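Worksheet: one structure, shown below.
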Protein chains: 2
Amino acid sequence: MRYPAAETAEKHTRILDEASRLFKARGFGGVSVAEIMKATGLTHGPFYNHFASKEALMAECIDHASAAALAQLDSVAETPEGMRDYMRAYLSADHRDDRAQGCLMAAFAEQTGREPGLSASLTAHFKATVERFTRHFPWRSKKAARADTMLMLAAMLGGVVLSRAMDDKALSEEILESVRTGLEGLASRA
Amino acid sequence: MRYPAAETAEKHTRILDEASRLFKARGFGGVSVAEIMKATGLTHGPFYNHFASKEALMAECIDHASAAALAQLDSVAETPEGMRDYMRAYLSADHRDDRAQGCLMAAFAEQTGREPGLSASLTAHFKATVERFTRHFPWRSKKAARADTMLMLAAMLGGVVLSRAMDDKALSEEILESVRTGLEGLASRA
DNA sequence: TGTACATCAGTGAACGCGCGTTCACTGATGTAC
DNA sequence: TGTACATCAGTGAACGCGCGTTCACTGATGTAC
């Protein structure tokens, strides 16, 4: 059937929403095209009316999730205090346990490193994130803000990825707590 | 054919060596059982004489790579200086570009977080790594050595994973350099 | 010591399955007259 | 304004492929006598 033109764009967005959620939760290889379309409420056929291939969807998903993440970051990161709260929330058990709504870099960085076609999208997201963190960096001298931002982002990502991989709850919490405290320690010595 | 008993154990080890190498380079999903067996010089049939399933191989691979990594760590991490060199080498372009010989946590942590069957092996490796780092920790007070170790390991892992995901060579180097300098900064303020 | 037999790691064809992708068809919507 | 037709997103069966896994068979090695 032919559908009202407005619905097409809306469906495109809905596919991206569902795909981002599922990919972040289970990885690119862990979700099939059919499953994404089913979550969107369609059969798998029309997928190719919207995307050239699964890999094209993967790249567009990173851009889509990036836009959402940057909008959220902009709303909280207007002050050093906002940045500190963002960092604390990032290194929380809630974020560790909610991959689907969580950080796209923590979810995709390792896979992206193995898929050259996806690097450009993740690189752009990382650059934009670094820019926002650096602008309101609450630690040490402004001169070192960019380098300190990268250290902080690396520790945040590594902390969440490690805490998710542990099957020992206490150890998982200890990792998050240690990274949180350590990064706040950087602040106190500014 | 029946083979001399000694060869069987040796083949088992060879499968683990090749599988570890390939899995680290391309991920668990990116390598087939047949490819591993071919790399070992065998057809894919006898795989099941050695392992119950691909997932069992994956778990055993983590243990196997862990033993090798810990042995290497023990040989260099007997002094604070050795630890510092280890950290620098970890955050080098060489390590970034050589996944196959590189850190198993950087290669497997994200996938392990999604596969409950693998968590136990990676948790054990992380605990052993923390123990060794803490014992010879070259930073700050001994009292905080364990927490500082976890911060350092998180930043190292995150730094390498991020640098591998970038398609911008200069940015990739900048991440490694920033994390390296930042962690050394922690030392100078000990 | 020599011979017949049992063992069992290795072989490679085959199976079943799920996946990404294609395609002939459907039918409500938009358009031409 | 009413009617006939063209459009094209959606449908769902089908295809080809690679994968994990199985299995009947092979034949050199180890063992029993």
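What you are looking at is a predicted structure, and each value in this text was computed from that prediction instead of being measured. Labels below follow one simple rule: chain letters A, B, ... track the order of the sequence lines, proteins then strands, and each chain is numbered from 1.
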Strand-adjacent residues in residues 12-29 of chain B, judged by heavy atoms under 4.0 Å from DNA chain D:
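Heavy-atom contacts with DNA chain D come from no residue of residues 12-29 of chain B; none.
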Specify the residues of residues 43-63 of chain B, ordered by number, for which at least one heavy atom lies under 4.0 angstrom from an atom of DNA chain D.
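Listed by number, they are His44(B), Tyr48(B), Ser53(B), Lys54(B).
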Would you please name every residue forming a ring-ring contact (aromatic ring centres under 6.0 Å, His included) with Tyr86(A), sequence neighbours left out?
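In terms of ring-ring contact (aromatic ring centres under 6.0 Å, His included), with neighbours along the sequence ignored, Tyr86(A) is linked to Phe133(A).
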Sequence neighbours excluded, which residues qualify as ring-ring contact (aromatic ring centres under 6.0 Å, His included) partners of His50(A)?
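Applying ring-ring contact (aromatic ring centres under 6.0 Å, His included) to His50(A) gives His12(A).
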Please name all residues satisfying side-chain contact (heavy atoms from CB on, under 4.5 Å) with [X], sequence neighbours left out, ordered by chain then number.
X	result
Ala124(B)	none
Asp85(B)	Arg88(B)
Gln111(B)	Glu110(A), Arg114(A), Phe28(B), Phe108(B)

Show me the donor-acceptor pairs, under 3.5 Å and distance only, between side chains in residues 31-38 of chain A and residues at least two apart or in other chains.
| unit_1 | atom_1 | unit_2 | atom_2 | d |
| --- | --- | --- | --- | --- |
| Ser32(A) | OG | Glu35(A) | N | 3.1 |
| Glu35(A) | OE1 | Arg26(A) | NH2 | 2.8 |
| Glu35(A) | OE2 | Arg26(A) | NH2 | 2.7 |

For DNA chain D, the expected dot-bracket line (Watson-Crick or G-U under 3.5 Å, [ ] crossing, | inter-strand) is .||||||||||||||||||||||||||||||||
If we ignore hydrogens and angles and just use 3.5 Å, is the side chain of [X] paired with the main-chain N or O of [Y] as donor and acceptor?
X	Y	value
Arg14(A)	Thr40(A)	yes
Thr181(A)	Ser178(A)	no
Ser172(A)	Asp168(A)	no
Lys24(B)	Cys103(B)	no

Applying salt bridge (Lys or Arg N to Asp or Glu O under 4.0 Å), can you list everything that pairs with Arg180(A), at least two apart in sequence or on another chain?
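If we apply the salt bridge (Lys or Arg N to Asp or Glu O under 4.0 Å) test to Arg180(A), skipping adjacent residues, the hits are Glu177(A).
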In chain order, what residues pass the side-chain hydrogen bond (donor to acceptor under 3.5 Å, both in side chains) check against Arg164(B), with sequence neighbours excluded?
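Scan of Arg164(B) (side-chain hydrogen bond (donor to acceptor under 3.5 Å, both in side chains), adjacent residues dropped) gives none.
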By a strict heavy-atom criterion of less than 4.0 Å, which residues belonging to residues 32-41 of chain A are in contact with DNA chain C?
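Those residues are Ser32(A), Val33(A).
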